[in-house]
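Since the structure comes first, as structure tokens, the remarks are kept for the end.
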2 protein chains.
Amino acid sequence: MQSRTPASRTGRPRSAAADAAILAATREALVELGWSKLTLGDVASRAGVAKTTLYRRWAGKNELVVDAVAELFDELELPDRGSLAADVEGVVLQFAALLSRPEARSGLMAVVAESTLDEALRERIRVSIVERQKRLVHTGRARAQHRGELPPEPDPDEAARTVGLIFDMVAGAVVHRTLVSGQPVDEEWLHGFTRVLLSGLVTAGTGP
Amino acid sequence: MQSRTPASRTGRPRSAAADAAILAATREALVELGWSKLTLGDVASRAGVAKTTLYRRWAGKNELVVDAVAELFDELELPDRGSLAADVEGVVLQFAALLSRPEARSGLMAVVAESTLDEALRERIRVSIVERQKRLVHTGRARAQHRGELPPEPDPDEAARTVGLIFDMVAGAVVHRTLVSGQPVDEEWLHGFTRVLLSGLVTAGTGP
DNA sequence: CGTATTACGCTACGGCTCGTAGCGAAAGCG
DNA sequence: CGCTTTCGCTACGAGCCGTAGCGTAATACG
């Protein structure tokens with residue numbers, strides 16, 4: 001999180017409950033107010049803490065929202081559904097469900113927008129959110145290779161690049177569908193996406 | 001744009017030059033300040049107009065930035081490069097170049113974030129930005145079908161769905177790569193993406 | 001148990017931005 | 001030349017920001 005505990009052994013410790021209350025209040029405020037109308041004073045009163053307490057832990061709105069949103073991504077899992085196609089559909093559905101929540105929608109896009117002029121914030125997003133999701137792609141890919149559905153990749157650099165590519169294609173498509181195009185990830189879109197991702201545009205005319 | 005000219009024939013007409021100056025000043029302020037620190041008073045003084053003039057034309061920051069960003073997408077074109085793969089790479093490169101500009105990065109993501117709680121803004125984005133880009137997918141797809149690279153699709157509904165799917169996959173991947181993952185669309189990524197999009201994950205191991 | 005140290009809640013403050021109102025001047029239209 | 005609308009300017013109350021200062025609460029240490 002935000003707390004750096006390098007050398008502070010003595011004194012009153014920071015309340016962990018306050019941390020949780022503040023992050024929950026931030027998500028609640030994101031749902032009701034959105035990013036631009038969210039004020040730190042409002043978050044503080046929702047959480048039942050003083051505004052100064054909030055400023056002691058986070059530098060500003062950006063950092064606070066990144067942490068509040070990052071917690072949401074801990075819920076993502078990748079159960080083994082038996083095939084690559086089923087695994088892809090599973091993770092897409094989970095990600096789409098996550099992005100259907102207003103706190104994720106407005107929070108995620110807002111901090112990404114802010115990160116364009118803030119290198120530290122971009123790094124914070126990369127560590128807290130991006131890398132946290134990539135592990136799903138890693139395990140799914142490893143499973144598919146173990147099943148023989150995907151060829152093994154001996155070169156670790158090439159493997160990392162491929163994982164990044166797949167991650168951007170899957171997460172990017174879902175994000176763009178739900179947030180930019182503003183349409184739901186229904187079953188029809190889900191199957192179409194999986195078919196194109198696995199078989200490609202050329203070979204996937206109208207499907208099986 | 002924002003101007004509704006249903007019935008106003010008499011009186012002093014609005015300055016078209018002021019419109020252009022305001023939108024240009026908005027993009028300039030987006031580059032230097034980003035979304036959150038951009039103030040309408042600053043935009044007004046950059047554009048050389050009074051703040052009140054700005055408020056007479058746009059309801060607020062959101063609507064202004066949507067219009068300012070939408071103009072950027074007019075630059076996108078789709079020259080015929082002879083093959084589907086080349087056309088895809090061409091449009092991806094153009095889109096990536098657009099997203100490398102700070103005014104597009106911060107502006108686009110910010111208004112998308114704001115649109116999660118604002119239905120009117122979402123519709124404005126859909127009309128001004130999303131549909132404006134889909135035409136590229138339409139023409140590219142029609143070209144590929146004419147070349148025989150893609151099978152024809154007689155059902156117009158199914159064709160529209162496919163265009164939407166491809167659009168979300170292409171634009172989404174580029175957006176996610178550049179803004180969320182925060183890495184450049186270099187030649188290696190470009191070729192990998194095109195290969196997976198056209199041939200699929202399964203058939204595209206490490207191929208040519 | 002007492003003391004040092006840190007976190008906490010509260011209040012108050014200057015500074016900035018917002019969005020609007022009111023005014024006189026300017027610019028087209030008939 | 002009048003009518004109408006836009007324009008630039010100034011001013012205003014309201015709200016939020018981020019910080020300072022203070023007294024109090026909670027823990028670690030001796």
Side-chain angles (χ1 to χ4, degrees), chain A residues 1-26 28-30 32-65 110-111 114 117-118 120-121, chain B residues 1-26 28-30 32-65 106 110-111 114 118 120-121:
Chain A
M1 290 301 162
Q2 82 293 350
S3 43
R4 350 119 175 88
T5 23
S8 68
R9 299 271 168 251
T10 177
R12 175 177 177 176
R14 288 190 172 172
S15 164
D19 266 56
I22 291 172
L23 292 176
T26 303
E28 185 183 312
L30 274 178
E32 296 180 16
L33 305 173
W35 163 267
S36 61
K37 295 182 181 176
L38 179 148
T39 70
L40 295 195
D42 182 68
V43 169
S45 68
R46 280 174 195 265
V49 303
K51 194 172 60 165
T52 45
T53 296
L54 211 154
Y55 275 102
R56 284 191 194 100
R57 305 185 183 204
W58 284 276
K61 207 172 167 177
N62 292 335
E63 291 77 9
L64 174 62
V65 171
V111 294
E114 290 302 308
L117 284 178
D118 187 336
L121 186 63
Chain B
M1 292 297 164
Q2 82 295 348
S3 43
R4 350 117 175 92
T5 22
S8 67
R9 299 271 169 254
T10 176
R12 175 177 176 175
R14 288 190 171 171
S15 162
D19 266 54
I22 291 172
L23 292 176
T26 303
E28 185 183 313
L30 275 178
E32 295 181 17
L33 305 173
W35 163 264
S36 62
K37 295 182 180 174
L38 178 148
T39 69
L40 295 194
D42 183 68
V43 170
S45 68
R46 282 174 194 264
V49 303
K51 195 173 57 165
T52 45
T53 298
L54 211 154
Y55 275 102
R56 285 190 194 99
R57 307 184 183 203
W58 284 276
K61 208 170 162 177
N62 292 336
E63 291 76 9
L64 173 62
V65 172
S106 55
V111 294
E114 291 302 307
D118 188 337
L121 186 63

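Source: prediction; values computed, not measured. Quick note on labels: first sequence line is chain A, next is B, and so on, each numbered from 1.
- Across all their heavy atoms, Gly34(B) and Ser106(B) have their closest contact at CA-OG, 4.4 Å.
- When the P atom of dG18(D) is taken as reference, atom CD of Glu63(A) falls 10 Å away, rounded to whole Å.
- For dA26(C), its base sits under 3.5 Å from the side chain of Arg12(B) at one donor and acceptor pair at least.
- Smallest separation of non-hydrogen atoms from Glu63(A) and Leu121(A): N-CD1, 4.4 Å.
- Of the residues near DNA chain C, Gly60(B) and Val49(A), the one whose nearest nucleotide (by heavy atom distance) lies more toward the 5' end is Val49(A).
- Whole-Å rounding puts the Tyr55(B) OH to dG8(D) P distance at 16 Å.
- Comparing Ala50(B) and Gly11(A) along DNA chain D, the residue whose closest nucleotide (by nearest heavy atom) sits nearer the 5' end is Ala50(B).
- Between the P atom of dT20(C) and the CG atom of Leu40(B) lies a distance of 11 Å, rounded to the nearest Å.
- Looking at every heavy atom in both residues, Val65(A) comes nearest to Val111(A) through CG1-CG1, 3.7 Å.
- To the nearest angstrom, C1' of dC7(D) lies 13 Å from CG of Leu54(B).
- The nearest whole Å value for the distance from the CH2 atom in Trp58(A) to the P atom in dC17(D) is 16 Å.
- For Arg14(A) and dG9(C), the CZ to P distance is 12 Å, given to the nearest whole Å.
- The closest donor-acceptor contact from the side chain of Thr26(B) to the backbone of Ile22(B) lies under 3.5 Å.
- Without hydrogens or angle criteria, Lys61(A) side chain to Trp35(A) main chain gives a donor-acceptor distance under 3.5 Å.
- Comparing Thr52(B) and Lys51(A) against DNA chain C, the residue whose closest nucleotide sits nearer the 5' end is Lys51(A).
- With DNA chain D read from its 5' end, the first of the two nearest nucleotides for Pro13(A) and Leu38(A) is the one closest to Leu38(A).
- Per the geometry, NZ belonging to Lys37(A) stands 19 Å off P belonging to dA14(D), to the nearest Å.
- Dashed line: the shortest gap from a side-chain N or O of Arg56(A) to OP1 or OP2 of dA7(C) is not under 4.0 Å.
- Under 4.0 angstrom from either OP1 or OP2 of dG9(C) there lies at least one side-chain N or O belonging to Thr53(A).
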